[in-house]
Structures are given as C-alpha cells and as structure tokens.
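To start, the structure itself, in structure tokens.
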Amino acid sequence: MKKFIKIIKWFYPGLKVKRWLILLLLSLFFVIFSAIRFSRDTFMVLKVFDAILFIFSFVGLVAGMKFLIVSFFEAIYPGKGKELIDIIYEKRFLSKGPKIVAIGGGTGLSTILEGLKEYTSNITAIVAVADEGGSSGRLREEFGMLPPGDIRNCLVSLAEAPQLMRDLFQYRFEGGEGIKGHSFGNLFITAMTQVTGSFKDAVKESSIVLAIRGRVLPSSLEKIRLEAEYSDGTAKVGEDKIPDEGKSIERINLIPKDAKPNPEVLEAIREAEIIIFGPGSLFTSIIPNLLIDGVAEEIISRNVMKIYLCNVMTQHGETDGFTAFDHLEMIINHTQKNIINCCLVNSGRLKYSLLVNYAKERSFPVIFDRERFKKNGIDIFEANVVSKSNYLRHDSQRLAREIINIYNYRKRKWKE
C-alpha cells in the first residue's frame, strides 16, 4: 500500500515532473517507432517522413531528459537561480579540491575564506574563541557561551545561501533596548545554542541554514581568555583590552593555560593538504589558536604546505613597528620553528591617500625584510594581493588565487 501511495505522489499537480516524463516517454517511443519504420518502408516518401519523425522525436527525447533533470535539481538544491552546469561544477569539481585548514579570526580569516570557496569545498576554518568585545563579548557574558562573532563572519563568507540570507546574518540592530549593537547572526547562533544545548551543535545547524561550502570550527569548546605580557613587565587580561595599552607585547597566554582543543580541529589538521595562518590580528586572532593544547604539535608534525599570509599594515597596539619577519618570528617564539614553511607577502602598490588616513590611526605598511626569511630557510612568495577598495587590506580573490598557485607550484617541485 505504501509503495502504491508513493507512486501516486508522482502524479500530484505542481511537481513539474509529469510533463517532462510524458515528453520523454513519448519521444522514446517515436524514436524507436520511426527507426523501425525507416528500415522497413520501401517508398522514398515514407522514408523521408520516418526520418523527419525520428529527428523531431530525438530532439524531444533530449529536451525531456534535460528539463526532467533540471526540475529535479531545482527541487532538491538550495541554490536558486543557478545554471545546472554551475551546480554540477560546485558539487563535483569543488569536492575534489585540496583539503584546506585556515586558522585565525576576525575579518582577516573571513576574507580568505570568501576567495578559497571558489576553488574547493574541502575547507575547514578554525576560529579563535577568546573575543570579549562588542556584541560577542556581551552575549558571552550574559549567556555564558562562546563568542559567536568571528564564527558568524566565517559562516557568511563560506555561504552558498542567497544574498538576502547573508545580509540578514550580518544585519546589525541600530536601536532597540537590549538588542542595539547586536547582529542578527549573533542572536541566531545564541538562540540555536539554547535550542540545541551546545555551541558546537549551534554552529553546525547554522552551517546548514547558510548552506556553507566547508565547515567552521571553534578552536576550543572551553571558555578562554587572553593575557598579554608586555615588554615593561606588566600584564593585561581580556582580548578587547590588550591593544588599548599601547605597549610592546612580549607574549600571549591562555587562561586556562591547558585549554583543550575541539577534537574535530585536530582531525582536520591531520587530513589537511594546505594549512593557512592569517591574515588577521597576530596576538588576538592567530596565536591564541596555536596555544591550545596539541594544536601546534599536530601542525608541526605535518609535512604539507604551511603558509603564513602576512598582514598588509601594522596594527596599533599589537604589531607597532613589526616587519614581515617579526610577525613570523612571534608565531615561532610561541610554538616552534617548523610550524610554518612558506610566507606570502603583498607586493602591490598602496594608495598614498589611504596611507595618510591609516597613519592617523598609527597603522603603517609592513616592511618586507626578505633577507631574514632567506636566512631562516622560509620560502617567500610575493604578489599583488591588496584590495582596490578604500581599505588597505587583502583582496579575497587575488589572495586565494595565489595560494592555489603556490600549492600547485610546490606540488610540481616535490615531484621533480
């Protein structure tokens, strides 16, 4: 009885299946019929008629197959308005792309994810969870949860969902008692955490809603805080407060120091073909992920491409006066030397008018000290990866393209 009901469902109105199925079956019948008639008829007029019938039937057969497949894809695939070839490309070609792990936080990580998703769907974003400022900090304190802000940005960057849904997740309330300053995405993840019972499950369910390419993982499921040790011997606790001191940072510590990693993070690192660090805030977005128990050790053990994407500009309160190698050296000082084997720096020209504006905020171009990299055996790659917008930051498409080019170059070099 159940099988009969399922068969009947195919004849329900509005499915956009019956018309193409009937066309397909009728065309198939007439293709066979005309082919048989053509072989048996002896009169030229009949043979011409059979040939014309065969051609029209064959066209109908192809059209029926095409529209039937398109109808199925439109029903089961969330990417409305996409061509069938684009859907097949995304599902087949991108699924064979390299397995990439990108480590960081803030806007830097979401920038690189936006570009990488055009080359592979095997992306894992490992996101810092020490944020204590803004909307994320308020939700963290009020609900005792992990900060959702950087997670949200990464989810949106990897999303295949319609632009309206992406804009909705990034929408920030400008008024309203209690919700002013919060983004809808942060509130959505908070609500999902309450419904599912865990932040980890909330991120997974949000990933489904946004139909993301890849996955986004919090680096740890524990509530972590950051402590900065400054060159004058003082210290400061709180991710959002660390840059405010305006002092040279000697070291970043986790509270608690033995914070455990998200198990899926270690699994992703073990399977990665490319591991990316940055771009982003050195002390508050990148290094904290590497201090979590076992993460740095797992990365060091991997003989794969491990690339640091050096920032275009210094960040006041964190990397004042830092050269390109100073950034890398600080990562090494917190972990070990062989945690990174190559580095990409921007060689593109920076607009003078923008440099003047950034200088007012005490942010300056990162100087590329090439010789220090060579002396330490780090492969250096230079490319114009700066954005043409009104901000001196990386361009997601250019940056992703260079990463894939470097990966392909290194693969060829290893084979030689």
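Heavy-atom neighbours of Glu142 CD from other residues, nucleotides or ligands within 6.0 Å: above the threshold of 12. Enclosure of atom CZ in Phe364 by more than 12 non-hydrogen atoms of other residues, nucleotides or ligands within 6.0 angstrom is indicated. For Glu361, the CD atom is loosely surrounded, since the number of other residues' heavy atoms within 6.0 Å does not exceed 12. Enclosure of atom CZ in Arg362 is not indicated, since only 12 or fewer non-hydrogen atoms of other residues, nucleotides or ligands lie within 6.0 angstrom. Counted within 6.0 Å of CD1 on Ile367, heavy atoms from surrounding residues, nucleotides or ligands total 12 or fewer; the atom is thus considered open. Within 6.0 Å of the NZ atom in Lys223, the count of heavy atoms belonging to other residues, nucleotides or ligands does not exceed 12.
If you check the side chains of His316 and Ser363, you find no donor sitting under 3.5 Å from an acceptor. No side-chain donor-acceptor contact under 3.5 Å links Arg172 and His182. A donor-acceptor contact closer than 3.5 angstrom is absent between the side chains of Ser387 and Arg393. Using modelled atom types, one finds a donor on one side chain and an acceptor on the other under 3.5 Å when comparing Ser135 with Asn186. Using modelled atom types, one finds a donor on one side chain and an acceptor on the other under 3.5 Å when comparing Gln170 with Asn153. No side-chain donor from either of Glu205 and Thr196 sits under 3.5 Å from a side-chain acceptor of the other.
When ring centroids are compared, Phe188 and Phe169 come within the 6.0 Å threshold. Note: Phe373 and Phe325 meet the aromatic proximity criterion, with ring centroids under 6.0 Å apart.
Salt bridge Lys241/Asp244: absent, no basic N to carboxylate O contact under 4.0 Å. Salt bridge status for Asp131 with Arg140: absent, with no side-chain N to carboxylate O gap under 4.0 Å. Checked for salt-bridge contact, Arg215 and Glu264 meet the test: a charged N lies under 4.0 Å from a carboxylate O. The pair Glu160-Arg213 counts as a salt bridge, with a side-chain nitrogen and a carboxylate oxygen less than 4.0 angstrom apart. With salt bridges taken as basic N to acidic carboxylate O contacts below 4.0 Å, one links Lys117 and Glu114. Note on Lys236 versus Glu227: no salt bridge recorded, every NZ/NE/NH1/NH2 to OD/OE distance being 4.0 Å or above.
Annotation: side chain of Thr319 is in contact with side chain of His327 (closest heavy-atom distance under 4.5 Å). Between Gln315 and Phe283, the closest side-chain pair of non-hydrogen atoms is not below 4.5 Å.
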From CA spacing to verdict: side chain to side chain donor-acceptor pair (under 3.5 Å), Lys260, Ser220: CA-CA 6 Å; Lys260 297 294 183 287; Ser220 175; over 6 Å; no
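Formation of a donor-acceptor pair under 3.5 Å by the Asp395 side chain with backbone atoms of Arg398 is found in this model. Of the possible donor and acceptor atoms, none in the side chain of Asn311 sits under 3.5 Å from a partner among the backbone N and O of Pro279. Between the side chain of Ser110 and the main chain of Thr107, a donor-acceptor pair closer than 3.5 Å is present.
Classified by interplanar angle (parallel below 30°, tilted 30° to 60°, perpendicular above 60°), the ring pair Tyr171/Phe173 is perpendicular.
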